[in-house]
Undergrad: 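The structure follows.
No experiment lies behind these values; they were computed from the predicted model shown.
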Amino acid sequence: MEDTIVAISTSLGKGAISIIRVSGKDALNLVNNIFKGKDLTQVNSHTIHYGYIIDGNEEIDEVLVMVMLSPKTFTTEDIVEINCHGSIATTNRILELLISSGARLAEPGEFTKRAFLNGRISLLEAESVSDLIESKSETQRKMALNGVNGRLTELVRNIRDKILDVIANIEVNIDYPEYDDAIEVTHEFLKEKVNSMKQDLELLLSNSKVGRIIKSGIDVALVGRPNVGKSSILNALLNEDKAIVTDISGTTRDIIEAKMNLNGIEINLIDTAGIRETEDVVEKIGVDKSKKIIDKADLVILVLNNNEELTNDDLELLEQIKNKTNLIFLNKTDLEQKIKLPDNLNIVKGNTKDLNGLEELKQKIIEMYELDKIEDKDLTYLSNVRQITLVTESLNSIKQVLKDIESDIPVDMLEIHLRNVFDKLGILIGETYEDELIDKLFKNFCLGK
């Protein structure tokens, strides 16, 4: 990190302003060399200065330049931000000038990576920066902000402090048994402490389910036989003609995806091809895709025709979804009822002709996932697979410690599992890390952040 990096921090395209960010030990001199205005090397930190970016005698653009000096910056290095007019030509010209002057084009996420490596933020906070940039709803924004401001990191560090305190007491008992004022680490003492850690980790994991919903939304698959009204339901929920609807059976032959918003949560609607036995090669591919979607979806809405008796295909679908979170939408209730269904099904009745039952269907989804209560919760959640996996592994190790306590395993042997948990939580927040993992994580960031 000895070199100075530069990148465009705003979206490329036509706009009022573009921002070019420079960070590193030579940031101030590099910008000062192409700036006509005050001598930037003599100004105070966190000040803005008016002038022109120049290339020799040519004025490139009228700009405002913000100077932020180390260490009180995002990367803890000197940072200079050039606010120029937002045309692609102007922005790229200034970027080219800085690169030709000695700056290196930053890699995706490299500014945030430097902030992490320089100890400015934890790894959880760094990941939350990316989540904040990608947030599409108010709930996503709030959850990401709780990561950015360090609340999640603080929770994890508190658990690590509990573990470290226990490990320290075990070490004192082993190395200095003659100390009368040292806490005696018995199995009962450990059981109480480890149970507290277990509760903390379980709470993090249980909340992570909500976090995943906030970040990724809910995948909802509309499945059923051909011509039961799946595509009509999709169109009605979206209030647009997303899917082609005809009276011809098997019109939908591929997966159609669309998004809607319920209580600030993104619902990923997936309209599938009608599932039935068929000899048509193309239709069969669609049917196979539909069956795979059932396995992957968070919620399966099976659409049945109120005007027809249950068929073998319907019965097979009912069997296939019984172990999935599911709803039955009994469609075409404007027609005579011929279907007979078991009493234990979660059913919503309606029809797309009069738009009956669709608001009730939405409300059912809200109730099933408690979407109406999310806004009232403390949105401090784990939000990705890496985080959830590390906490799950930590919880499993803690559970093993409790089992070993019940089996009267010597206290010094229990310390091994506790150290394992301490290390895993350290990886979670970035106290310990591998360079390859860090490089992979930050490559997913946008350029200029």
Side-chain angles (χ1 to χ4, degrees), residues 74 107-137 139-163 197-198 200-219 265-266 268 296 298 377-400 417-447 449:
F74 181 60
E107 298 173 356
E110 191 169 359
F111 292 94
T112 308
K113 181 180 179 180
R114 289 191 175 200
F116 163 68
L117 293 175
N118 289 331
R120 169 70 171 73
I121 57 175
S122 75
L123 195 54
L124 285 179
E125 290 168 63
E127 289 177 300
S128 296
V129 169
S130 181
D131 290 342
L132 188 59
I133 293 170
E134 297 291 335
S135 61
K136 299 174 184 175
S137 70
T139 314
Q140 288 178 351
R141 182 194 66 78
K142 287 180 179 179
M143 185 180 77
L145 193 60
N146 276 343
V148 171
N149 65 22
R151 292 183 65 182
L152 184 56
T153 301
E154 185 181 351
L155 285 176
V156 176
R157 282 187 174 142
N158 286 341
I159 300 172
R160 289 189 92 217
D161 286 345
K162 289 181 181 180
I163 297 169
M197 300 169 200
K198 176 174 172 284
D200 291 340
L201 291 170
E202 284 176 338
L203 183 60
L204 268 178
L205 276 180
S206 64
N207 285 344
S208 70
K209 295 177 183 177
V210 181
R212 191 194 69 79
I213 287 174
I214 293 172
K215 183 177 179 181
S216 304
I218 303 170
D219 291 335
I265 302 299
E266 196 168 67
N268 308 311
K296 295 178 181 179
D298 299 310
K377 294 182 179 180
D378 176 9
L379 302 179
T380 309
Y381 302 138
L382 306 171
S383 62
N384 63 42
V385 173
R386 183 192 78 88
Q387 297 169 6
I388 292 169
T389 299
L390 285 168
V391 174
T392 301
E393 290 174 352
S394 299
L395 179 60
N396 289 338
S397 293
I398 285 293
K399 288 178 178 177
Q400 186 60 51
H417 289 301
L418 290 174
R419 284 192 177 278
N420 182 44
V421 177
F422 184 79
D423 291 340
K424 284 190 182 298
L425 295 179
I427 294 171
L428 176 63
I429 60 177
E431 295 289 344
T432 56
Y433 59 87
E434 296 177 0
D435 290 341
E436 186 178 349
L437 170 64
I438 297 303
D439 290 342
K440 184 177 179 180
L441 283 174
F442 286 103
K443 279 181 181 177
N444 294 324
F445 280 53
C446 61
L447 195 65
K449 187 55 187 173

Undergrad: I need the His417 NE2 to Lys399 NZ distance, nearest 0.5 Å.
TA: 14.5 Å

Undergrad: Testing the basics here: between Ser394 and Val421, what is the closest heavy-atom pair and its distance to 0.1 Å?
TA: O-CG2, 3.5 Å

Undergrad: Tell me the closest heavy-atom pair linking Ala115 and Phe74, and the distance in Å.
TA: CB-O, 3.0 Å

Undergrad: Would you give the length of the straight line joining atom CG of Leu123 to atom CD1 of Ile427, rounded to the nearest 0.5 angstrom?
TA: 10.5 Å

Undergrad: Would you indicate whether the side-chain heavy atoms of Ile121 and Thr112 approach each other to under 4.5 Å?
TA: yes

Undergrad: With heavy-atom distances below 4.5 Å as the criterion, would you say the side chains of Leu205 and Ile388 are in contact?
TA: yes

Undergrad: Is any side-chain heavy atom of Val391 less than 4.5 Å from a side-chain heavy atom of Lys424?
TA: no

Undergrad: Calculate, to the nearest 0.5 Å, the distance between atoms CD and CG belonging to Glu393 and Asp423 respectively.
TA: 12.0 Å

Undergrad: Using a 4.5 Å cut-off on heavy atoms from C-beta on, say whether the side chain of Leu425 contacts that of Leu201.
TA: yes

Undergrad: In sequence, state the C-alpha distance, the side-chain angles, and the governing distance for Leu428 and Arg386, and then conclude on side-chain contact (heavy atoms from CB on, under 4.5 Å).
TA: CA-CA 8 Å; Leu428 176 63; Arg386 183 192 78 88; 4.2 Å; yes

Undergrad: To the closest 0.5 Å, what do you measure between CD (Gln400) and CG (Asn396)?
TA: 9.0 Å

Undergrad: Mind checking the CD1-CD spacing from Ile429 to Glu125? Nearest 0.5 Å is all I need.
TA: 9.0 Å

Undergrad: Pair up each side-chain donor or acceptor in residues 155-163 with any protein partner under 3.5 Å, not counting sequence neighbours, and list the distances.
TA:
residue: Arg157; atom: NE; partner: Glu431; partner atom: OE2; Å: 3.4
residue: Arg157; atom: NH2; partner: Glu431; partner atom: OE2; Å: 3.0
residue: Asn158; atom: ND2; partner: Glu154; partner atom: O; Å: 3.3
residue: Arg160; atom: NE; partner: Phe422; partner atom: O; Å: 3.1
residue: Arg160; atom: NH2; partner: Phe422; partner atom: O; Å: 3.2
residue: Lys162; atom: NZ; partner: Ser196; partner atom: OG; Å: 3.1
residue: Lys162; atom: NZ; partner: Asp200; partner atom: OD2; Å: 2.6

Undergrad: Given side chains that start at C-beta, do those of Lys296 and Asp219 come closer than 4.5 Å, heavy atoms only?
TA: no

Undergrad: Nearest 0.5 Å, please: how far is CD in Gln387 from OG in Ser128?
TA: 6.5 Å

